[in-house]
2 protein chains.
Amino acid sequence: MEPHEPDLTAVPVTSVLAALADDVRLQIVRALAEGGESPCGSFDFGVSKATRSHHLKVLREAGLTRTRAAGTSRLVRLRRDELDKLYPGLLDAVLTQRPPA
Amino acid sequence: MEPHEPDLTAVPVTSVLAALADDVRLQIVRALAEGGESPCGSFDFGVSKATRSHHLKVLREAGLTRTRAAGTSRLVRLRRDELDKLYPGLLDAVLTQRPPA
DNA sequence: GGCGTCGTTCGATAGTTGTCGAACAACGGT
DNA sequence: ACCGTTGTTCGACAACTATCGAACGACGCC
């Protein structure tokens, strides 16, 4: 099965933004930025595993993450270097948790 | 009628990102960044005026633009200062036109 | 006052997306 | 070989969104 991890330059900006424009996915990205490479199962944000898998797929296909198999789990990591290079400031602007109100 | 121009800090990041995650709206934002305050009618990107009005509303309600009446037209402008302050790097990262391929 | 321009709003529609449970697949341990 | 764990995939369904034409409203001008 192809991992579908596209070249970031081939992904339209709108797709990158759309991938980030979801609360669950943004939490995943934040967790990845803080905790580094993590297994899929570590992202427990109140959605079913089917939904979580869906969101991880969106992130992967938008070029935001890479996934590799590791035994029984799959490790996900942020493609931070590439993102910072192609869209300097994007992640920083989005990652900093805003005050709730 | 209230113009619905929210305080940027009250708009969830996901809404800001969602507003930018559309090709037509991104073109509008780019045009605004380049040309400054412009009338609605100047954004002719192959959609009907109804659709254009819809996109401008999305941008306005996401806190990205401000609109003011001026005679028979309405002038739209980017809230760049506020955006750059709250999300430094966001606009810059998104505004720079990528090479098509 | 009447007309044309500019823009918004309404209702409809087609497409996309987030969500779930259930079924399936892969792997490690016992 | 069997299980339990971990993820993915498959419908299905509800909610949202982009799009349009048509109707409407506001303004300036003749």
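In what follows, chains are A, B, ... by sequence order, proteins preceding strands, each numbered from 1.
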> Which part of the nucleic acid does B/S73 contact within heavy-atom distance under 4.0 Å: base, sugar-phosphate only, or nothing?
Replying inline: sugar-phosphate
> In terms of hydrophobic clusters joined by side-chain contacts under 4.5 Å, are A/L78 and A/V13 together?
Replying inline: yes
> Tell me: CG of A/L56 to C1' of C/dT19, nearest whole Å?
Replying inline: 15 Å
> Closest to the A/R74 side chain: C/dC6, D/dG7, C/dT19?
Replying inline: D/dG7
> What is the distance from NE2 of B/H55 to C1' of C/dT8, rounded to the nearest Å?
Replying inline: 15 Å
> What integer distance in Å separates B/E61:CD from D/dC16:P?
Replying inline: 14 Å
> Quick one: what's the B/S/- string for nucleotides 20-28 of chain D, heavy-atom cutoff under 4.0 Å, read 5' to 3'?
Replying inline: BBB----SS
> Toward the 5' end of DNA chain C, which comes first, B/P39 or A/A21, by nearest nucleotide?
Replying inline: B/P39
Can you give the donor-acceptor pairs under 3.5 Å from side chains of residues 35-46 of chain B to other protein atoms, not counting sequence neighbours?
| from | atom 1 | to | atom 2 | distance (Å) |
| --- | --- | --- | --- | --- |
| B/E37 | OE1 | B/R68 | NH2 | 3.0 |
| B/E37 | OE2 | B/R68 | NE | 2.7 |
| B/S38 | OG | B/G36 | O | 2.6 |
| B/S42 | OG | B/P39 | O | 2.7 |

>> Between P on D/dA18 and NZ on B/K57, what's the gap in Å once rounded to a whole number?
In response: 12 Å
> Under the criterion side-chain contact (heavy atoms from CB on, under 4.5 Å), which of A/L8, A/L90, A/V29, A/T65 is the partner of A/L83?
Replying inline: A/L8
> Do B/Y87 and B/V11 belong together in a cluster built from hydrophobic side chains that touch within less than 4.5 Å?
Replying inline: yes
Return all side-chain donor-acceptor pairs below 3.5 angstrom for residues 16-27 of chain A, not counting sequence neighbours, or 'none' if the list is empty.
| from | atom 1 | to | atom 2 | distance (Å) |
| --- | --- | --- | --- | --- |
| A/D22 | OD1 | A/V24 | N | 2.9 |
| A/D22 | OD1 | A/R25 | N | 3.2 |
| A/D23 | OD2 | A/Q27 | NE2 | 3.4 |
| A/R25 | NE | A/A19 | O | 2.7 |
| A/R25 | NH1 | A/H55 | ND1 | 3.0 |
| A/R25 | NH2 | A/A18 | O | 3.2 |

>> Whole angstroms only, please: what is the CZ-P distance between A/F45 and C/dT19?
In response: 13 Å
>> Can you measure A/D23 atom CG to D/dC16 atom P for me and round it to whole angstrom units?
In response: 15 Å
